[in-house]
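Below is one structure, written out as structure tokens; the observations come after it.
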Amino acid sequence: MTEPAITPELIAKHGITPDEYGRIQSILGRDPNFTELGIFSVMWSEHCSYKNSKRELRKFPTTGPGVLVKAGEENAGVIDIGDGWAVAFKMESHNHPSAVEPFQGAATGVGGIIRDIFTMGARPVFSLNSLRFGPISEKAAAANTEPATLATNRRLFAGVVSGIAHYGNCIGIPTIGGEVYFDESYNGNPLVNVFCLGVLKHEQIARGAAKGIGNPVFYVGAETGRDGLAGAAFASRDLTEESKEDRPAVQVGDPFREKLLLEACLELLATDAVAGIQDMGAAGLTCSTCETASRGGTGVEIDLAKVPKRETGMTPYEIMLSESQERMLIIVKKGHEQTVCDIFEKWDLPYAEVGEVKDDGMMRVLNEGRLVAEIPASKLADDAPLYEREAKARPLPAELDLATLPEADVHRSLLDLLAYPSIASKNWVYRQYDHMVRSGTVVLPGSDAAVFLIREANKIVAATSDCNALYCSLDPREGARIAIAEAARNLACSGAVPLAVTDNLNFGNPHNQENFWQLRESVEGLAEGCRAFNTPVTGGNVSLYNQSPAGAIDPTPTVGMVGLIADEKHVTTSHFKSAGDVILLVGELGDELGASHYLKVVHGRKEGRVPRMDFGRELAVQEAVRALISSRLVRSAHDCSEGGLAVALAESCQSGGSLLGAQVDLGQTGLRLDQALFNESQSRIVVSVTAQNASAVQALLEWRGVSARRVGTVGGEQLVIRCNGAETAWSLTELHGAWYDSIAKVMEA
Amino acid sequence: MKAAVIRFPGSNCDQDCMLALREFGVDAEYVWHKETSVAAYDLIVLPGGFSYGDYLRCGAIARFSPVMRSVVEEAAKGKFVLGICNGFQILCEAHLLPGALVRNRSLHFRCEHLFTRVENFTNPWLNTAVTGQLLNIPIAHGEGSYLADPETLIQLNRNRQILLRYCDSHGAVTHAANPNGSLENIAGICNARFNVFGLMPHPERACDPRLGSVDGRVIFESILTRLGVRKAA
Amino acid sequence: MKAKVIVMPKRSVLDPQGVAVRDAIHHHGVSAVKAARVGKFIELELDGTQTEAQLHEICRDLLSNPVMEDYEVLLEK
Amino acid sequence: MKAKVIVMPKRSVLDPQGVAVRDAIHHHGVSAVKAARVGKFIELELDGTQTEAQLHEICRDLLSNPVMEDYEVLLEK
Ligand SMILES: Nc1ncnc2c1ncn2[C@@H]1O[C@H](COP(=O)(O)OP(=O)(O)O)[C@@H](O)[C@H]1O
Ligand SMILES: [Mg+2]
């Protein structure tokens with residue numbers, strides 16, 4: 001078979017710039033052949049090389065006493081949780097594949113992140129998912145939105161949720177939490193970020209390095225097909241109408257195969273046979289061979305003829321660039337080959353010895369003995385060009401002028417907010433996920449953070465994912481700072497101490513100067529937050545080029561945060577527990593309406609100054625609530641986020657098994673009523689305590705210098721809020737009717 | 001007394017079942033589906049999950065696993081066999097239980113805590129419960145809608161082989177309380193000899209108080225009582 | 001040589017998928033579709049050494065479940 | 001009047017279900033089956049007022065996913 005000649009057009013088609021091509025020539029000391037060109041193009045894509053974002057990522061704090069494996073070192077970071085146990089966790093995006101084929105795109109995203117975790121030697125124990133779509137209902141969309149756009153968004157949403165359910169449920173890893181937001185900016189470009197956490201003993205950490213000259217290299221798992229050809233390159237381009245024609249980019253996930261692969265790999269890792277292990281994710285065989293060689297400071301030689309294939313007549317180019325799912329590369333200690341064969345036979349999985357670790361630092365690819373590619377591995381893996389893109393600041397929005405804002409009816413407004421899909425209960429989503437398998441989910445989805453009992457380690461961890469992209473679109477730095485603070489706050493409300501962070505940076509095309517500025521501001525904001533909360537970043541993912549013809553998405557730096565709960569008695573949920581309990585607002589009453597969901601949902605305005613985040617005050621509030629929880633004084637804790645205090649109260653009335661009303665009196669506030677109820681000032685937590693403990697709790701908070709006020713009591717068939725002498729009441733059925741089935745009503749119509 | 005938890009490729013509640021059994025002090029072992037005999041065990045548990053990825057039909061392929069021949073033989077001898085969720089589906093496919101489990105009426109997978117009502121306690125599986133007792137046990141399935149022809153249904157009712165029905169929190173067996181479209185809200189049934197029991201809810205997920213309910217215990221307590229390893233309360 | 005196997009839900013059995021498909025078609029504005037039923041189509045590639053009895057056995061025992069489904073098998077040379 | 005629609009995974013797309021079915025058939029002792037692919041069979045009952053274009057539109061937009069599947073439609077009077 002003759003390969004295409006290397007022409008400037010072919011080079012451009014591979015997304016390689018003339019400068020980059022020059023760099024390739026100097027690395028090789030010659031022109032690359034077609035296969036080599038393909039290899040460089042995927043390894044030097046943004047998705048694999050982070051060439052546009054790496055300089056920014058260096059700003060994250062990545063070290064700390066508990067960090068066992070740092071960000072970027074391996075497939076996922078590893079954090080100590082005590083008693084010789086550790087957790088590995090990471091977040092990964094599958095935005096573009098999900099835009100083209102939502103079910104399989106989301107499913108393979110879940111499969112990919114799970115492989116990242118068990119590659120580390122960890123047993124995956126739970127997942128989260130963070131999703132963004134365009135609006136799904138007429139009511140929640142801009143006035144001129146086409147019905148077809150809404151229908152597409154619903155189809156994407158339904159497809160993504162069932163894809164995640166399909167993969168996660170089948171493989172038996174519970175999906176215990178997440179977030180879903182809807183906004184016009186995601187029309188045509190949904191975000192699908194998936195998170196997985198696994199548990200392991202310190203000594204079980206597996207490495208993705210090709211160590212030991214002469215060690216055999218094994219390919220295990222599913223056969224290679226033409227699917228997902230060059231998906232990494234695909235994820236590093238803007239989405240266009242033609243993307244739908246990018247048929248080969250569709251990969252089909254097989255969670256059943258992955259379950260077998262997971263069990264077989266963990267069984268194998270428990271033996272002494274493995275020198276290194278690496279999953280084949282983006283850029284498949286290419287990425288796994290050159291990265292293991294680069295990490296090991298060695299070379300790897302493989303023969304493509306030995307690779308198990310699903311289709312006939314595949315070229316070396318296709319085999320090297322295929323992104324078929326459910327495959328791994330394993331460097332086996334010489335003499336232990338039989339162990340590998342026995343275990344993979346037992347699990348009925350394909351495997352093959354495809355090559356050997358060499359001492360010359362080359363990634364050498366043969367096909368039936370004939371040389372098809374030869375590239376210095378470390379140069380390919382680590383010497384991609386790095387760019388400092390031009391940034392142009394967008395002016396920060398002015399403070400909202402309340403005089404321009406008509407005061408809406410607060411009764412109606414709260415119901416509208418509760419029914420708004422971003423705020424409404426997500427039960428339609430998480431009911432489709434098996435969130436209880438593995439018998440560890442102590443706090444089910446629906447509270448502030450998910451809480452999971454890791455039985456192997458006898459540890460209780462809490463996890464959450466957060467990002468208010470509306471804030472980020474107006475002020476990316478402050479929005480990112482708030483994302484970290486909110487994640488930490490959600491953990492605090494659950495009784496947990498934050499440990500570490502993983503992030504997923506979703507932005508538009510970095511060649512656009514404003515987009516790049518958003519990325520940089522967000523990274524710096526996240527970094528500030530991580531330092532404030534002492535939570536190093538252990539890894540994450542960058543997804544750029546999130547644009548549709550209408551423009552870039554709102555900047556969305558999603559944060560996944562993991563914390564530890566010291567004692568099972570500290571596990572706390574967000575819903576009220578019994579009538580007669582006293583409700584306290586920890587933190588200020590607040591007054592910032594800028595960038596709020598009230599403005600967006602009720603007034604159709606995405607504007608105003610983003611609430612200020614004062615880390616000192618935030619930490620004081622979180623620590624105070626955690627201290628109260630440790631003293632077992634708190635019956636429920638729920639932070640104020642989208643929709644402010646009124647939404648937080650309404651959620652606490654109904655997120656438990658049964659409905660419980662509340663009588664609230666805010667007194668004379670000096671604020672407008674809508675401002676008092678719906679402002680989104682930060683650092684506020686609604687807690688309920690027994691009547692008996694109320695004064696003691698207030699005294700404790702005062703002693704800690706944290707402002708708090710007694711705002712009411714739990715009980716009754718209504719939520720009643722008195723403020724500035726006016727009284728507004730909502731029946732529980734009314735609140736529940738707005739909030740609970742809002743998404744189901746839209747999706748099942 | 002020894003119990004076996006069968007592991008099919010794709011089983012994923014095997015560890016949860018093992019955990020529950022061991023909590024009760026049962027001597028339990030995993031048995032790989034390629035094994036050919038379960039004669040050594042007194043209680044055989046087919047756990048939930050997605051055996052063979054649920055490809056084709058839930059349980060359709062697992063039914064032909066080597067171990068199933070022995071399970072069928074032992075069941076015929078009167079050994080106790082418990083099938084949970086995917087295990088229930090496999091038992092139906094293997095004709096150890098009548099009927100079939102089909103796609104939920106909503107077409108969605110559903111995972112949540114639900115109530116079921118004990119319909120009959122004079123059997124090995126619920127002898128420590130009382131008729132009418134409500135059990136809060138979670139479900140998690142996409143294909144749990146029980147289906148059988150009218151004669152089978154009459155038989156099941158006449159012999160009191162229907163052990164559990166979905167109900168609301170007051171015990172009413174209503175349409176609204178039916179999560180999947182099962183005939184007559186059926187959540188669990190026995191064979192005519194009462195030694196084979198299949199149910200869609202996951203009792204193994206309702207044994208630890210930290211998980212919100214311990215109502216699943218009654219099933220394990222009952223069968224262990226019947227097997228004489230646990231004294232009746 | 002090929003065998004094509006069609007597995008359909010029995011008439012007496014409610015087919016929620018079929019109902020959903022019909023409703024979606026109506027939503028789409030095509031009212032000519034009065035009913036829809038959804039089953040499986042399985043294509044088997046054969047080397048010719050099978051017997052007809054074997055084929056039926058596979059269809060009856062594995063590819064369909066007689067409690068809820070009927071099958072039809074077509075042999076193509 | 002009826003339309004029968006066959007929706008099959010494209011040749012190049014992984015069909016894990018087909019692989020599982022083939023393996024199960026082999027376990028069953030029938031080695032004559034070299035490969036299996038599993039798709040959908042949809043039967044539509046029509047009142048005759050539809051156009052051919054409508055039928056194809058339904059097949060393309062609702063019944064199949066053109067990114068991964070091909071369809072075939074047969075009209076029966
Ligand atoms: N995609 C999802 N998958 C699983 N659970 C979800 C998902 N989206 C939201 N949830 C759950 O719903 C609850 C409310 O979510 P959210 O409104 O984002 O909470 P918060 O504002 O406290 O961060 C949380 O328990 C969350 O885990
Ligand atoms: Mg919260």
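If you're wondering where the values come from, they're calculated on a predicted model, not measured in any experiment. Just the heavy atoms: all of them, side chains too, but no hydrogens, waters or symmetry mates, feed the values below.
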If you count heavy-atom pairs under 4.5 Å with chain C, which of D:Val7, D:Ile42, D:Leu63 comes out on top? D:Ile42
Examine whether an atom of C:Leu62 lies under 4.5 Å from a heavy atom of chain D, and if so say whether it belongs to the side chain, the backbone or both; otherwise answer neither. side chain
Where on C:Ile6 is there a heavy atom nearer than 4.5 Å to chain D: the side chain, the backbone, both, or neither? side chain
Count the heavy atoms belonging to other residues, nucleotides or ligands that lie under 6.0 Å from NE2 of C:His56, then report whether that count exceeds 12. yes
Segment of C:Ile58 engaging chain D (4.5 angstrom heavy-atom cut-off): side chain
Given that the side chain runs from C-beta out, which part of C:Val21 has a heavy atom under 4.5 Å from chain D: side chain, backbone, both or neither? side chain
Taking the side chain as every heavy atom from C-beta outward, state whether C:Val38 and D:Lys40 have any atom pair closer than 4.5 Å. yes
Below 4.5 Å from any heavy atom of chain C, which atoms of D:Leu44 appear? Answer side chain, backbone, both or neither. both
C:Ser31 versus chain D, heavy atoms under 4.5 Å apart: side chain, backbone, both or neither? backbone
Give the member of D:Gly29, D:Ala36, D:Gly48 that has the highest number of heavy-atom pairs under 4.5 Å with chain C. D:Ala36
Where does C:Met1 contact chain D at under 4.5 Å (heavy atoms): side chain, backbone, both or neither? neither
Please classify the contact between C:Leu55 and chain D as side chain, backbone, both or neither, with a heavy-atom cut-off of under 4.5 Å. neither
Note: vs chain C, highest number of non-hydrogen pairs under 4.5 angstrom among D:Gln54, D:Arg22, D:Lys2 is D:Gln54
Among D:His28, D:Glu43, D:Lys34, D:Gln50, single out the residue with the greatest number of heavy-atom pairs under 4.5 Å to chain C. D:Glu43
